[in-house]
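Reading through the structure tokens given below for one structure.
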There are 2 protein chains.
Amino acid sequence: MKPATIRDVARRADVSVASVSRVLTGAGPVTDATRKRVMEAVEALQYVPHSGARSLSTSKTSTVGVILPDLYGEYFSELIRGMDLAARALGYHLIVSSSHDDAEEASAAIRSMRGRVDGLIVLSPHLGAANLAGSLAGRLPVLLMNAGADAGRPSIVVDNHGGAVAAVEHLIATGRRRIAHIAGPTGNLEAEARLAGYLEAMAAAGLPTTVVDGAFTKASGHEAGVQLAAMATRPDGVFAANDNMAIGAMLALQEAGVRVPEDLAVVGFDDVPLAGLVHPGLTTLRINIAEMGRSALERLVKLIQSAGAADADAACEVVRPQLVVRPSTNPATQNPTRASRASAAAAVPLPEGENP
Amino acid sequence: MKPATIRDVARRADVSVASVSRVLTGAGPVTDATRKRVMEAVEALQYVPHSGARSLSTSKTSTVGVILPDLYGEYFSELIRGMDLAARALGYHLIVSSSHDDAEEASAAIRSMRGRVDGLIVLSPHLGAANLAGSLAGRLPVLLMNAGADAGRPSIVVDNHGGAVAAVEHLIATGRRRIAHIAGPTGNLEAEARLAGYLEAMAAAGLPTTVVDGAFTKASGHEAGVQLAAMATRPDGVFAANDNMAIGAMLALQEAGVRVPEDLAVVGFDDVPLAGLVHPGLTTLRINIAEMGRSALERLVKLIQSAGAADADAACEVVRPQLVVRPSTNPATQNPTRASRASAAAAVPLPEGENP
DNA sequence: CTGTTAGCGCTTTCAC
DNA sequence: GTGAAAGCGCTAACAG
């Protein structure tokens, strides 16, 4: 009734367990005759190696853990997709663990990974989590993402500050002067860097600033949009800390009769797939999210495989977002509506995939 | 240098490993004094139990595997989110494995799960995969999703046929008569059920049918839209086998100068978050995807915990999609643009979540 | 080339 | 209440 073990196979093939192991792992010398007998027994018994046992024996799990704050929305799904792709290619499994809002939970999640994974990718937008990962992971290789530019630890970060500056400069370049910012949640390092970039760029241009609070959600963006629309001297441009909020704000503005971009131009951040599909298409700072995920996983595996090597790769890779101009700031870059698709085609790549 | 083991703790606390185990697992009688000594040692050594070893010993991994055909797009990310939520609540981990287009790959993925998980959720939109899962999984509990109504095996399926009929009937009810269908990929059970529903409903109404091929992707929907727009007697309604294609088709139609819904009404399937945000909002058949994922995981865990029980839950749960009417078929249900948000609010819930 | 054996780190009877 | 010892299923020396 219970699944066959390597001993059952050995017994049946009338060889030692060692030989079975050799045949199955492909390591070590084996006679063709032996191999054949083993394979037959494997077949007959429907034997499948127990990877847990193998892991314990080799102290390698071929699995990496991904610790996320949340699993909502396109940003993270894209990220995981990229990681999964790379993991498959490298023969690794992916174990995901999300919804860790506070450091406490994340901490528990990380400890529970010991003996289960060979390494960890930790997304820690909150300050505490970064240290956390280091202290708790023990000797486990860890790759940090979206944390501040934490020196001395392998990590990948987005140039949030630079992106924010680019966003503001683009708005200014298109003639906007009263530019507001919809900020992300306080305590979130990425949100804070984007806010800082906004403030700096505005100061550099000698323009007054307006900041509305948000929480990275579409709903919070919507609220912010309502506020913007109701302002006495309404802004003529807004830079939202992410696409989600930008989209929420656009909806609110349009509901209030504010025309985008004529009355008010909107810029987001991330370039989630949705950004190119809303109406009007959203100008944003593109991060190739899936690609970043792929890169993260590959680096982690490299880290794992060279574990202990002195030339530890403790670099902090910086991903620079790229400005993608769409109709939400520039009417000339029309949405693909009743118009030639030519101009929009480049800016609005359609994500693929067979989804029911 | 290496992480501490239970023996290190035992030595340090000057007790047996058994006692350490008892303290840590909370099982068995222990003196307060002993417990205290153990905890101190644990603290001092930064000891974290090795879950792999524990798994081998208890033959429980507290992990479930999810086998997916692909990880692209909102459908699957929503699904995983629901599963992850339930898994956390039940103390389980989630290991995801995707991009298994053919049965061969899925097969390999499934076997590689042995000894790594306590059960499997298999999404097998292709015929072969379902059987496969059964035969390969051995004594592993398996929950099938999105396979045909496979009797005699625990599963969750969407009532694709019924949904398709509802879609067509809605189009007919709004006065459409030349109703086309954009089909999903052949060989995909869900796509085929939706096609069958369309054909049946049309036949029942005595209307002629038009079927355009698609592949569940936005791009294929776009192509289909181009074809529809170019037809000699253009349809005045179209039912796409999923939202992705419906959205792609809408874009193509609008580019061709066809007005939606005035000239041509569009209905999708799934109600992915995007459906409520495109312009015009897409009428579709709503499946609460995350909820379905949650339900799937909970059922699997129940299956695991009652493993071997005679009253095996081999039921096939049927999820009935619900028609959500939006402007793509009914101009009266306006998009939230320059209009009261009241009517649209119910139909266009904004998904939440903090995403950078 | 093959078999024997000692673990991997932990849980769990079973005596004491 | 506590400890010694026997595995969980597999791999990897080490002898033959």
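Numbered from 1 within each chain, the chains take letters A, B, ... in sequence-line order. Just so it is clear, the model here is predicted, and its values are computed rather than measured.
- Contacts of Val30(A) with the nucleic acid, taken as non-hydrogen atoms under 4.0 Å apart, involve only primed sugar atoms and P, OP1 or OP2.
- Residue contacts for Thr34(B): at a heavy-atom cut-off of 4.0 Å it reaches the sugar-phosphate backbone alone, with no base atom in range.
- Note: CG (Leu24(B)) to P (dT11(C)) measures 7 Å, nearest angstrom.
- For the pair Leu144(B)/Ile156(B), no side-chain contact is recorded, criterion being any heavy-atom separation below 4.5 Å from C-beta on.
- Using a 4.0 Å heavy-atom criterion, one finds that Val15(A) contacts the sugar-phosphate atoms exclusively.
- Ile80(A) has its side chain within reach of Leu68(A): a pair of non-hydrogen atoms, C-beta onward, lies under 4.5 Å apart.
- Side chains of Tyr75(A) and Asn146(A) form a contact here, defined as non-hydrogen atoms less than 4.5 Å apart.
- Atom NZ in Lys2(B) sits about 12 Å away from atom P in dC10(C), given to the nearest Å.
- Taking the nucleotide of DNA chain D with the nearest heavy atom to each of Ser21(A) and Val17(B), the more 5' of the two is matched to Val17(B).
- Side chain of Ser21(A) to backbone of Val17(A): no donor-acceptor contact under 3.5 angstrom is found.
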Glu291(A) and Arg81(A): CA distance, side-chain angles, deciding distance, salt bridge (charged side-chain N to carboxylate O under 4.0 Å, His left out) verdict
CA-CA 9 Å; Glu291(A) 166 62 21; Arg81(A) 189 172 67 84; over 6 Å; no
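- In this structure, Arg114(B) reaches the sugar-phosphate backbone alone: every heavy-atom distance under 4.0 Å involves primed, P, OP1 or OP2 atoms, never a base.
- Of the residues in residues 53-60 of chain A, Ala53(A), Arg54(A), Ser57(A), Thr58(A) come within less than 4.0 Å of DNA chain D through at least one heavy atom, sorted by number.
- In this structure, Arg7(A) atom CZ and dA6(C) atom P are separated by 13 Å, rounded to whole Å.
- Salt-bridge annotation for Glu298(A) and Lys302(A): absent, with no side-chain N of the basic residue lying under 4.0 Å from a carboxylate O of the acidic one.
- An end-to-end axis angle of 40° holds for the helix from dC1(C)-dG16(D) to dC16(C)-dG1(D), taken from five base pairs per end and rounded to 10°.
- Checked for salt-bridge contact, Lys36(B) and Glu40(B) meet the test: a charged N lies under 4.0 Å from a carboxylate O.
- The backbone N or O of Arg54(B) sits less than 3.5 Å from a side-chain atom of Thr58(B), completing a donor-acceptor pair.
- Between Ser51(B) and dC10(C), a side-chain N or O to OP1/OP2 separation shorter than 4.0 Å is absent.
- Taking 4.5 Å as the limit, every side-chain heavy atom of Arg294(A) sits out of range of all side-chain heavy atoms of Met83(A).
- Protein chain B contacts DNA chain D over a range whose 5' and 3' limits, counting nucleotides with an atom under 4.0 angstrom from a non-hydrogen atom, are dG1(D) to dC10(D).
- Comment: Arg11(B) engages Asp8(B) in a salt bridge, judged by a side-chain N to carboxylate O separation of less than 4.0 angstrom.
- When each of Ala27(B) and Gly52(B) is assigned the nucleotide of DNA chain C bearing its nearest heavy atom, the one mapping closer to the 5' terminus is Gly52(B).
- Lys36(A) has its NZ atom 14 Å from the P atom of dT2(C), to the nearest Å.
- The closest side-chain heavy-atom distance from Ile95(B) to Val117(B) is below 4.5 Å.
- Contacts of Thr25(A) with the nucleic acid, taken as non-hydrogen atoms under 4.0 Å apart, involve only primed sugar atoms and P, OP1 or OP2.
- Put simply, the side chain of Thr63(B) gets close to the backbone of Thr61(B): a donor and an acceptor are under 3.5 Å apart.
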